[in-house]
Amino acid sequence: MANAYLLTLQPTFTQGLIIGQFSILFLLVVILKYLFLDPVSDQPYKSSSYQPRNLKDDSDGQLSFDSAAKLSSKMDGRADMDANSGVESADWINILLHQVVDAYRTKLRGDLPGAEGDEVARRRVEKFANKMRPASFVEPIKVHSVDLGVSAPRLSRARPRPLNTPLVDPQIEVDMHYTDTISISFSTSVLLNYPFPSFARLPISLTISLSLFSSTILLTPPQAHSPHPTVTLMLPSPQSDFTLDLKTTSLLGSRAKLADVPKLHELITHQIRRAITEKGVWKVVLPGLASVQEVEDDVQKEREAAGAL
């Protein structure tokens with residue numbers, strides 16, 4: 001008769017099934033209670049209509065040029081080389097690089113100054129973000145503000161890389177340091193598709209700003225006898241790491257129960273670092289010697305050969 005009781009001291013399949021179902025229901029209740037059905041907090045900034053604060057706005061709503069000027073002067077104050085160090089100066093290319101970045105920044109703003117240019121850049125970034133988002137997992141993204149920054153990456157200490165063997169082509173290493181006010185503020189919702197599609201949605205508001213990015217770049221000149229000569233840039237240089245310092249502010253939940261979740265910051269930083277590592281090789285096509293399609297075919301063959309190994 002003891003075997004007829006539902007609950008016994010020995011675990012059974014029926015007990016495990018019942019406990020498992022109750023565990024799922026308990027987790028759902030906890031999620032709904034603490035992320036979706038919370039009453040409005042007494043703190044005014046934690047409301048469902050919260051929008052991330054634009055880090056580039058000061059008290060009067062205008063761009064804080066003072067902070068940007070301090071960053072620029074701090075970088076300009078650092079000498080690229082010691083006169084007796086024998087390391088090549090990169091001042092000339094830093095001026096050129098700053099002008100190139102400014103040109104792209106201006107075109108992204110539609111050649112418009114002030115708030116009008118900010119709005120053009122915001123719409124373009126929002127359009128690109130929604131084009132790249134996984135529609136089955138993330139709802140449409142609303143970009144609230146974009147700060148394109150005022151500075152540019154700064155290069156220093158260009159030096160030849162030591163050759164392990166005379167058969168290796170010469171390479172050049174350059175240190176890169178980037179400090180700016182670049183940031184983006186946006187909001188969206190993550191769809192929860194369990195136990196059925198679109199079961200619930202988790203609203204997320206994020207502000208991501210760059211504090212520091214530094215790395216060593218490896219520059220490989222074109223090989224004269226290559227079928228399609230290219231200049232190759234690798235970031236970071238092999239056997240080296242890079243520094244990525246991001247600042248994030250976040251609110252999760254319809255009533256903003258969770259603020260500035262550390263794990264979310266770690267996830268964002270990890271994903272950006274992985275993207276830089278995976279896509280950190282650029283090949284510059286030499287005009288008249290190769291086409292973009294030919295170089296893309298060469299890259300695809302190299303990947304296939306590496307995969308076969």
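The structure displayed is predicted, hence computed values, not measured ones.
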I'd like to check [X] versus [Y] (side-chain heavy atoms, cut-off strictly below 4.5 Å). Are they in contact?
| X | Y | answer |
| --- | --- | --- |
| Pro140 | Arg133 | yes |
| Tyr178 | Leu210 | yes |
| Phe186 | Ile204 | no |
| Thr181 | Ser209 | no |
| Phe137 | Leu191 | no |
| Thr230 | Leu286 | no |
| Asp111 | Thr106 | yes |
| Thr232 | Trp282 | no |

Worked verdict on Leu206 versus Ile268 for side-chain contact (heavy atoms from CB on, under 4.5 Å) | CA-CA 10 Å; Leu206 277 174; Ile268 294 173; 3.9 Å; yes

Closest non-hydrogen atom pair, Leu108 against Leu148 = CD2-CD2, 3.7 Å

So which heavy atom on Pro153 is nearest to which on Leu97, and how close?
-> O-CD2, 3.1 Å

Classify the side-chain pair [X]/[Y] by whether it contains a donor and acceptor separated by less than 3.5 Å.
| X | Y | answer |
| --- | --- | --- |
| Asn130 | Glu126 | no |
| His98 | Asn94 | no |
| Thr216 | Glu173 | no |
| Tyr104 | Asp102 | no |
| His265 | Ser250 | no |
| His177 | Thr179 | yes |
| Gln171 | Thr220 | yes |

So, taking the atom named [atom1] in [X] and the one named [atom2] in [Y], what distance separates them when rounded to the nearest 0.5 Å?
| X | Y | atom1 | atom2 | result |
| --- | --- | --- | --- | --- |
| Met234 | Leu219 | CE | CG | 11.0 Å |
| Ser145 | Ile184 | OG | CD1 | 8.0 Å |
| Met176 | Ile217 | CE | CD1 | 4.5 Å |
| Ile93 | Leu155 | CD1 | CG | 5.5 Å |
| Gln293 | Asp298 | CD | CG | 10.0 Å |
| Arg109 | Arg124 | CZ | CZ | 11.0 Å |

Mark yes or no for whether Ser237, through its side chain, and Ser240, through its backbone, hold a donor-acceptor pair below 3.5 Å.
-> no

Is the backbone N or O of Glu266 less than 3.5 Å from a side-chain atom of Thr269, with the two atoms forming a donor-acceptor pair by type?
-> no

Is there a chain of hydrophobic side chains (I, L, V, M, F, W, Y, each step under 4.5 Å between heavy atoms) that links [X] to [Y]?
| X | Y | answer |
| --- | --- | --- |
| Leu235 | Val101 | yes |
| Ile182 | Leu246 | yes |
| Val231 | Val174 | yes |
| Ile208 | Val190 | yes |
| Val292 | Val299 | yes |

Glu116, CD atom: more than 12 neighbouring heavy atoms under 6.0 Å | no

Might you confirm whether atom CD of Gln239 has over 12 heavy atoms from other residues, nucleotides or ligands at distances under 6.0 Å?
-> no

When you check the gap from the basic side-chain N to the acidic O, do [X] and [Y] get nearer than 4.0 Å?
| X | Y | answer |
| --- | --- | --- |
| Asp91 | Arg154 | yes |
| Arg159 | Asp175 | yes |
| Asp118 | Arg122 | no |

Report the C-alpha separation of Leu218 and Arg161 in whole Å, then their side-chain angles, then the decisive distance to 0.1 Å, and conclude whether the side-chain contact (heavy atoms from CB on, under 4.5 Å) test is met.
-> CA-CA 8 Å; Leu218 180 64; Arg161 189 181 187 191; 3.5 Å; yes

What pairs meet the salt bridge (Lys or Arg N to Asp or Glu O under 4.0 Å) rule with one or both residues in residues 230-246, with sequence neighbours excluded?
-> Asp241-Arg273

Please report the C-alpha distance between Asp180 and Phe213 in whole Å, then the side-chain angles of each, then the deciding distance to 0.1 Å, and finally whether the side-chain contact (heavy atoms from CB on, under 4.5 Å) criterion is met.
-> CA-CA 9 Å; Asp180 207 345; Phe213 178 62; over 6 Å; no

Contacts of Gln99 meeting side chain to side chain donor-acceptor pair (under 3.5 Å) (sequence neighbours excluded), chain-then-number -> none

Which of these, Ser187, Ser183, Ser185, sits in a side chain to side chain donor-acceptor pair (under 3.5 Å) with Thr207?
-> Ser185

